[in-house]
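Everything below concerns the one structure shown next.
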Amino acid sequence: MSPNDEHEGRGRARIGRRSYLALAAAVSVAGCSMLGGDGEPTDERREPTDDGESTATATEAAQTVTATPHTGTDAVGAAAAGDVVAVAADRDYVRISTADSATPVQDGFDLVAEQGGGHVYLPPGTTRNEGALRPHRNTGLYGFGTNVSALRITGAGSDGIRFDRDRRAHWVELDGFELRGPGADSPTGVAIHYVDNGTEPVSDPSDLRVGHLYCRQWHDSVYRVDEGVGPFQCRLEYLRADDCDAGDARALVDWRSTYGPANWFGTIVSYPNDSVSGQNTDVLSQRGGELTVGDISVGGTAGRMVDKRAGRLRVGRLHYEPEAQPSVPDSLVRVAGVGQTHVDDVIVDAGRVETVYELGDGAGDAVLYRPTADRGEVTGPIVRVTGRLHPQRRSWYFGSADEVTVETSTRTGSLRVMDEAGRGLG
């Protein structure tokens, strides 16, 4: 419990989480206030503290539990008043006081899941939830905007949102809030974490949709797929990670699984730091699956942007603009193993890199285009072949042969440099 949480909880009785959820579910069916009130929202508002987080009003402090059910459509207004609001499939909604539960957001997920699914709304300001959130199928979590609503996960080492249920958690939506780790100086888990639940692949999560999500203060990956689980058909429109340090992890986005089809990222933006590890933070590591990424734009202490060993990857644009470099990356894009890789555009806009593309052992089916170096510097060749390429899988570089270095030739001829190929017209 944080100092503010501890201060807010003094002098009030608390009930167990099971009893709390049972009472809230019961009154949501009955359609009356669980504390004898009329169930109507009050005019009172939470006042922000100096750190921007909400404190309880005097009225709330006098109550044992505030989880008031309502029937109607004013759920957003109730959230704006300072409570977490759970809207079930039957259109009833329940207001959950953030002052009376250590897990108000998970409580909301559990409540709507009991009625077939629904939405949970965060209020403006910072809402704390102790431990990782474990979404159920057909549930969503929404805020008022990434610079308005923040969900802070408390508990050292905790993940943020964790997919590990035996029953497949599909059709989950996340949109319009900041997902904050346990703290700038505390150990953290992973912001969004897919974990092998030990069941058949048919139970793997699918159809996750992320609108705008802003991750901050995580000292591990912000998106990780473990071995043994393969989420598919997931769509993330805008994922941003600032004040994060994944220097001790593989990458901010770490796909360890060998499978997982049809996953799409629109824009990934990150300004990491090296406050914990003292190292660069790599951006994308892939060991399988099918990933399409529109744009990746990085600053801060970003290191290698792509390290792909297997699977299928298509990237529209990589924009590299570090503000500090604990070390100079030996390559921005490293490709090894089989599986198609297509990189349309690379911009080196700041900092230094030794080479842009590195092709390692078994690399094949890569399509790479000449990068643009604006204010940044590429100190060596654009393409460096460091391992034996796949002898039957051709790769293509749309640049000139003098931009390519083959460190150890095995005479596969698998890298085709297009140079002046084609017939010039116009």
Side-chain angles (χ1 to χ4, degrees), residues 52 105 122 124-127 132-133 140-153 159-162 172-184 188-194 208-225 231 234-247 249-255 263-277 280-286 291-306 315-324 332 347 349-351:
V105 183
L122 295 170
T126 301
T127 301
L133 295 179
L141 180 61
Y142 307 89
F144 283 79
T146 55
N147 61 342
V148 178
S149 297
L151 171 60
R152 179 172 182 177
I153 301 299
D159 287 341
I161 298 172
R162 184 178 176 92
V172 173
E173 295 190 355
L174 309 169
D175 196 3
F177 63 94
E178 174 191 318
L179 180 60
R180 191 182 304 174
T188 76
V190 177
I192 301 176
H193 197 177
Y194 295 87
L208 169 72
R209 191 191 75 81
V210 173
H212 282 64
L213 186 63
Y214 181 28
C215 299
R216 288 189 59 215
Q217 297 181 356
W218 295 94
H219 308 317
D220 206 319
S221 303
V222 297
Y223 193 90
R224 178 179 295 163
V225 177
C234 297
R235 185 177 182 88
L236 293 85
E237 296 175 10
Y238 183 88
L239 178 66
R240 179 162 184 150
D242 291 349
D243 303 324
C244 296
D245 184 351
R250 286 184 183 176
L252 284 171
V253 178
D254 184 4
W255 196 286
N263 294 282
W264 180 86
F265 295 78
T267 300
I268 299 173
V269 178
S270 182
Y271 288 80
N273 60 43
D274 62 347
S275 61
V276 174
S277 70
N280 292 342
T281 286
D282 292 347
V283 182
L284 171 62
S285 172
Q286 183 184 3
L291 308 182
T292 298
V293 184
D295 295 272
I296 302 178
S297 180
V298 296
T301 56
R304 177 177 285 116
M305 296 191 72
V306 173
V315 179
R317 176 175 290 112
L318 300 173
H319 190 115
Y320 184 68
E321 193 176 0
E323 299 163 298
L332 274 189
I347 300 173
D349 207 17

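Numbering of residues begins at 1 and proceeds along the displayed sequence.
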- [ ] Answer yes or no: is there a donor N or O on one side and an acceptor on the other, between the side chain of T281 and the main chain of A246, under 3.5 Å?
- [x] yes
Open item on the list: I want to check something: taking the side chain as every heavy atom from C-beta on, are P231 and W255 in contact at a cut-off of under 4.5 Å?
Closed with: yes
Open item on the list: Could you measure the distance from the CG atom of D159 to the CG atom of D220? Nearest 0.5 Å is fine.
Closed with: 8.0 Å
Task: Test side-chain contact (heavy atoms from CB on, under 4.5 Å) applied to L213 and T146, step by step - done: CA-CA 7 Å; L213 186 63; T146 55; 5.9 Å; no
- [ ] Could you tell me whether the side chains of H219 and D245 share a donor-acceptor contact shorter than 3.5 Å?
- [x] no
TODO: Kindly say whether the aromatic ring centers of F177 and F144 come within a distance under 6.0 Å.
DONE: no
TODO: Specify the closest pair of heavy atoms between W264 and E237, including all atoms of both residues, with the distance to one decimal.
DONE: CZ3-CA, 3.9 Å
Task: Nearest-0.5 Å distance, OG of residue S270 to CG of residue D282 - done: 11.0 Å
Open item on the list: With no hydrogens and no angle check, just 3.5 Å: does a side-chain donor-acceptor pair link S275 and N273?
Closed with: yes
TODO: Please state whether the rings of Y238 and H212 are parallel, tilted or perpendicular, taking 30° and 60° as the class boundaries.
DONE: parallel
TODO: Check whether any side-chain N or O of T127 sits under 3.5 Å from a backbone N or O of L122 as a donor-acceptor pair, and report yes or no.
DONE: no
TODO: Enter the distance from I161:CD1 to I192:CD1 here, rounded to the nearest 0.5 Å.
DONE: 5.0 Å
Open item on the list: Within the 3.5 Å criterion, strictly below it, is a donor on H319 or D349 matched to an acceptor on the partner's side chain?
Closed with: yes
Open item on the list: Just so I know, are the side chains of L284 and L291 near enough to count as touching, which here means a heavy-atom distance under 4.5 Å?
Closed with: yes
TODO: Determine the minimum heavy-atom distance between S221 and A249, stating which atoms define it.
DONE: OG-CB, 3.9 Å
TODO: Give the minimum heavy-atom separation between G247 and S277, together with the two atoms involved.
DONE: CA-OG, 3.3 Å
- [ ] Apply salt bridge (charged side-chain N to carboxylate O under 4.0 Å, His left out) to D242 and R216, showing your working.
- [x] CA-CA 5 Å; D242 291 349; R216 288 189 59 215; over 6 Å; no
- [ ] Starting at OH of Y320, measure out to CG of L332 and round the result to the nearest 0.5 Å.
- [x] 6.0 Å
Open item on the list: With a 4.5 Å cut-off on side-chain heavy atoms, are E321 and V298 touching?
Closed with: no
Open item on the list: So, taking the atom named CZ in F265 and the one named CG in L236, what distance separates them when rounded to the nearest 0.5 Å?
Closed with: 5.0 Å
TODO: Could you pull out all residues at least two apart from R304 that satisfy side chain to side chain donor-acceptor pair (under 3.5 Å)?
DONE: D330, S331
Open item on the list: Quick check for you: to the nearest 0.5 Å, what is the distance between R235 atom CZ and L208 atom CG?
Closed with: 12.0 Å
Open item on the list: Between R209 and D175, does any NZ, NE, NH1 or NH2 come within less than 4.0 Å of an OD or OE carboxylate oxygen?
Closed with: yes
Open item on the list: Strictly distance-based, threshold 3.5 Å: is any side-chain N or O of E173 a donor or acceptor partner for the main-chain N or O of G140?
Closed with: no
Task: Side-chain heavy atoms of I268 within contact of Y223, under 4.5 Å - done: no
Task: Steps toward side-chain contact (heavy atoms from CB on, under 4.5 Å) verdict (C244, L252) - done: CA-CA 9 Å; C244 296; L252 284 171; 4.3 Å; yes
